[in-house]
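Just below is one structure, and these are the notes that go with it.
Below, each value reflects all heavy atoms present in this structure, side chains not excepted, and no hydrogens, waters or symmetry copies. Lettering follows sequence order; numbering is per chain, from 1. Values in this document were obtained by computation on a predicted structure and should not be read as measured data.
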Amino acid sequence: MEVKVRYAPSPTGLQHIGGVRTALFNYFFAKSQGGKFILRVEDTDQERYSDESLQDLYDTLEWLNIKWDEGPVVGGPNGPYIQSERFDLYQKYAKQLVEDGHAYYCYCSSERLDEVRKQQQESKSSYQGYDRHCRNLSPEEIAEKEKEGIKPVIRLKVPTEGKTTFHDVLMGDITRKNKDISPDPILLKSDGFPTYHLANVIDDHLMGITHIMRAQEWIPSGPLHILLYKAFGWEPPVYCHLPMVMGKDGKKLSKRHGSTSVRDFREKGYLPEALMNYVTLVGWSFDSEREFFSQEELEKLFDITKISKSPGIFDYKKLDWFNGQYIRMMSDEDLGKALLPYLQKAGYVDGEFIGDKKAKFEELVVAVKPRLKVLSDIVGLAYFLFTTPEVAPAEMFVAKKMDLKSSYEALVKDYEIIKSNLDNGKSFEDAEADITQMAKDIGVKVNGVFTPLRVALTSTTVSLPMSDTYNLLGKEESYRRIEAALKMLEKEVQ
RNA sequence: GGUCCCUUCGUCUAACGGUUAGGACGAAAGAUUCUCAGUCUUUAAAUAGGGGUUCGAUUCCCCUAGGGACUACCA
């Protein structure tokens, strides 16, 4: 039988790392089995739905290069794939459940429900949940409620005796006493939309889903879904509950841990390949050695039995490392293309680099490549080049074991050496060698004579190597900055 | 509170009864070096605790402890 899995997010927010991890596992499992990956939009929550979220879902999957075999936009034999477009279907099945005696109409107001809940909490009752008030309403009572114009919900009649078991590929059998299952959960809301429980069971069945891979937070409602399959007389699919993705404190990953939306990561300059590779490794591993995988490899190698059971903490630092590795694997040309939008956004450039500027940009890319963790790091690294920073405060020119006076004198000598080398047709690299020698001659650490130069040229204490900096800036601008620094320091020294 | 799930270095994980418990990130140290990176080398770092089963337990079973999830007309 062909494997068919689905990713079924609800468009109520930006795509989250945890959600995307679920999508990836489903996708890789389907591909590795020669099966199909279906996308289904669960937009049954009218309150929280947003168009932006739906668009973000599409953008995210496109960015990650995850294509669905059936779903919105592409269509398929079991459509529509957007639940709000399947509205009538849920009505039909919910009513059938009522007719068959597996479900019932409930007319309780949300005020009454709130009150019941409040009392249960205050009395610390061991029983939590709906009190099944409407479970055994007489036809007369129902008729009366209908006359009052109350829009009912439909609730599932959960058995109060016995127990329900479902099998999970990773966890084994999970059993729950029926009395512990959520008491008569709502299947169809009063606005006529289904809840997750109803919609997912109907759609998974109708769409021929063979394996459900979803986060472990769904485990408690597993038995409930089995009850639903039984009520419909359908065969449940295979379950595989995925370990959750947590933040550093061991709690469900959320915004207070840092970025959680894929869009955030994308904007900061994480590469889709790196994010995909790392995210796949949270809760899954191939063997004891290998951890770099391309998408194509994962599509072949992914093995559902190697998914771990315990939750994994999302390690931002390891993601950074992966991203740096992937950046270093890029060609200079591709990296340049990827970097350009960040320079544009920073207002450093408008349009493309052409002619001389293109050559300079290529130099910049090469210099910056080993230093980038995320693409947006280019902004800080190239600041000195695309803006004219103010001359730095005097203290910044002073390296360890140096003082203001000796730093000033060092810069004077630096400048003399640079000028004399360049005037004699030598390169800046030659000048660097002479500066190094000069430091030795005067018995100062090499760092002590380069720091004033660095700060003069970049106004920062951390920068690209001096030869790159000089070459990028050009002779004229470099001289101008050195002279400006000298002028300022001269005053300070007096 | 109730129910269910989980438990190997700080983190992600490997070892499907027999290993000096392996790798990676991070950390620390060193080398390279004009700063920062990068690269290379090295070091520290774990089987939650207690009982069993077994010739032998990280691995199987039980208990305890800790953590997490769920407990909505949200998914």
Spacing of [X] atom [atom1] relative to [N] atom [atom2], expressed in whole Å:
X         : N       : atom1 : atom2 : value
His225(A) : rU71(B) : NE2   : P     : 11 Å
Leu242(A) : rC12(B) : CG    : P     : 16 Å
Glu291(A) : rC25(B) : CD    : C1'   : 8 Å
Ile186(A) : rU71(B) : CD1   : P     : 13 Å
Asn178(A) : rC4(B)  : CG    : C1'   : 14 Å
Glu289(A) : rC25(B) : CD    : P     : 12 Å
Arg176(A) : rC70(B) : CZ    : C1'   : 7 Å
Tyr196(A) : rU71(B) : OH    : P     : 12 Å

Matching residue for Trp218(A) among Tyr239(A), Phe166(A), Tyr196(A) - test: ring pair (Phe, Tyr, Trp, His ring centres under 6.0 Å):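 Output: one option passes, namely Tyr196(A).
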Given that both distances must come in under 3.5 Å, which nucleotide forms a Watson-Crick or G-U wobble pair with [N]?
N       : result
rG26(B) : none
rU3(B)  : rA69(B)
rU20(B) : none
rC60(B) : rG52(B)
rC36(B) : none
rA44(B) : none

[atom1] gap between [N] and [M], integer Å:
N       : M       : atom1 : result
rA24(B) : rG1(B)  : P     : 43 Å
rC70(B) : rU11(B) : C1'   : 26 Å
rC5(B)  : rC60(B) : P     : 16 Å
rA37(B) : rU47(B) : P     : 33 Å
rC62(B) : rA69(B) : C1'   : 24 Å
rG49(B) : rG66(B) : C1'   : 10 Å
rG10(B) : rA57(B) : C1'   : 27 Å
rU64(B) : rA45(B) : C1'   : 27 Å

With a 4.0 Å cut-off on heavy atoms, is [X] in touch with a base, just the backbone sugar-phosphate, or nothing at all?
X         : result
Gly448(A) : nothing
Thr460(A) : nothing
Val446(A) : sugar-phosphate
Ser221(A) : nothing
Ser308(A) : sugar-phosphate
Gly312(A) : sugar-phosphate
Gln121(A) : nothing

Could you go through residues 443-453 of chain A and list every donor-acceptor pair under 3.5 Å that involves a side-chain atom there, pairing it with any protein atom two or more places apart or in another chain?
residue   : atom : partner   : partner atom : Å
Asn447(A) : OD1  : Thr451(A) : OG1          : 2.9
Thr451(A) : OG1  : Asn447(A) : O            : 2.9

Grab the N/O contacts between the protein and nucleotides 35-39 of chain B below 3.5 Å, and write none if there aren't any.
residue : atom : partner   : partner atom : Å
rU35(B) : O2'  : Thr461(A) : O            : 3.3
rU35(B) : N1   : Arg454(A) : NH2          : 3.3
rU35(B) : O2   : Ser463(A) : N            : 2.8
rU35(B) : O2   : Ser463(A) : O            : 3.0
rU35(B) : N3   : Arg454(A) : NH1          : 3.4
rU35(B) : N3   : Ser463(A) : O            : 2.6
rU35(B) : O4   : Pro465(A) : N            : 3.1
rC36(B) : O2   : Arg371(A) : NH1          : 3.0
rC36(B) : N3   : Arg371(A) : NH1          : 2.3
rA37(B) : O2'  : Pro370(A) : O            : 2.9
rG38(B) : O4'  : Pro370(A) : O            : 3.3
rU39(B) : OP1  : Gln325(A) : NE2          : 3.2

Go through the side-chain N and O atoms of [X] and [Y] and say whether any donor and acceptor fall under 3.5 Å apart.
X         : Y         : result
Glu363(A) : Asn471(A) : no
Asp320(A) : Tyr278(A) : no
Gln437(A) : Asp441(A) : yes
Ser53(A)  : Ser50(A)  : yes

Output field: ring centroids Phe302(A)/Phe25(A) closer than 6.0 Å: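 They qualify: ring centres under 6.0 Å apart.
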Criterion side chain to side chain contact (heavy atoms under 4.5 Å, CB included) against Leu187(A), the qualifying member of Leu228(A), Ile202(A), Val153(A), Val98(A):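 Passing option: Leu228(A).
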Any N/O pairs under 3.5 Å between the protein and nucleotides 64-69 of chain B? List them or say none.
residue : atom : partner   : partner atom : Å
rG68(B) : OP1  : Lys251(A) : NZ           : 2.9
rA69(B) : OP1  : Lys252(A) : N            : 3.4

Asn323(A) side chain to Gly269(A) backbone, donor-acceptor under 3.5 Å: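 At least one qualifying donor-acceptor pair exists.
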CA sep, side-chain torsions, deciding dist, call: Arg21(A), His16(A), side chain to side chain contact (heavy atoms under 4.5 Å, CB included): CA-CA 9 Å; Arg21(A) 210 275 313 257; His16(A) 188 267; over 6 Å; no
Electrostatic pair Arg371(A)-Asp377(A), nearest N-O below 4.0 angstrom: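 Salt bridge between Arg371(A) and Asp377(A), a charged N being under 4.0 Å from a carboxylate O: no.
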Side-chain heavy-atom pair Lys251(A), Arg256(A) within 4.5 angstrom cut-off: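 Yes - at least one pair of side-chain heavy atoms lies under 4.5 Å apart.
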For a quick test of reading the model: is some side-chain N or O of [X] closer than 4.0 Å to OP1 or OP2 of [N]?
X         : N       : value
Ser190(A) : rC73(B) : no
Ser285(A) : rA14(B) : yes
Lys189(A) : rA75(B) : yes

First of Leu188(A) and Lys177(A) reached from the 5' end of RNA chain B, by closest nucleotide: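 Closer to the 5' end of RNA chain B: Lys177(A).
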What nucleotide among [options] has an atom nearest to a side-chain atom of [X]?
X         : options                   : answer
Ile313(A) : rU13(B), rC12(B), rC34(B) : rC12(B)
Ile174(A) : rC5(B), rC34(B), rG1(B)   : rC5(B)
Asp180(A) : rU11(B), rC6(B), rU3(B)   : rU3(B)

cation_pi(Lys318(A), Phe322(A)) dist<6.0 Å, angle<=45: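 No; the conditions do not both hold, so Lys318(A) does not lie above the ring face of Phe322(A).
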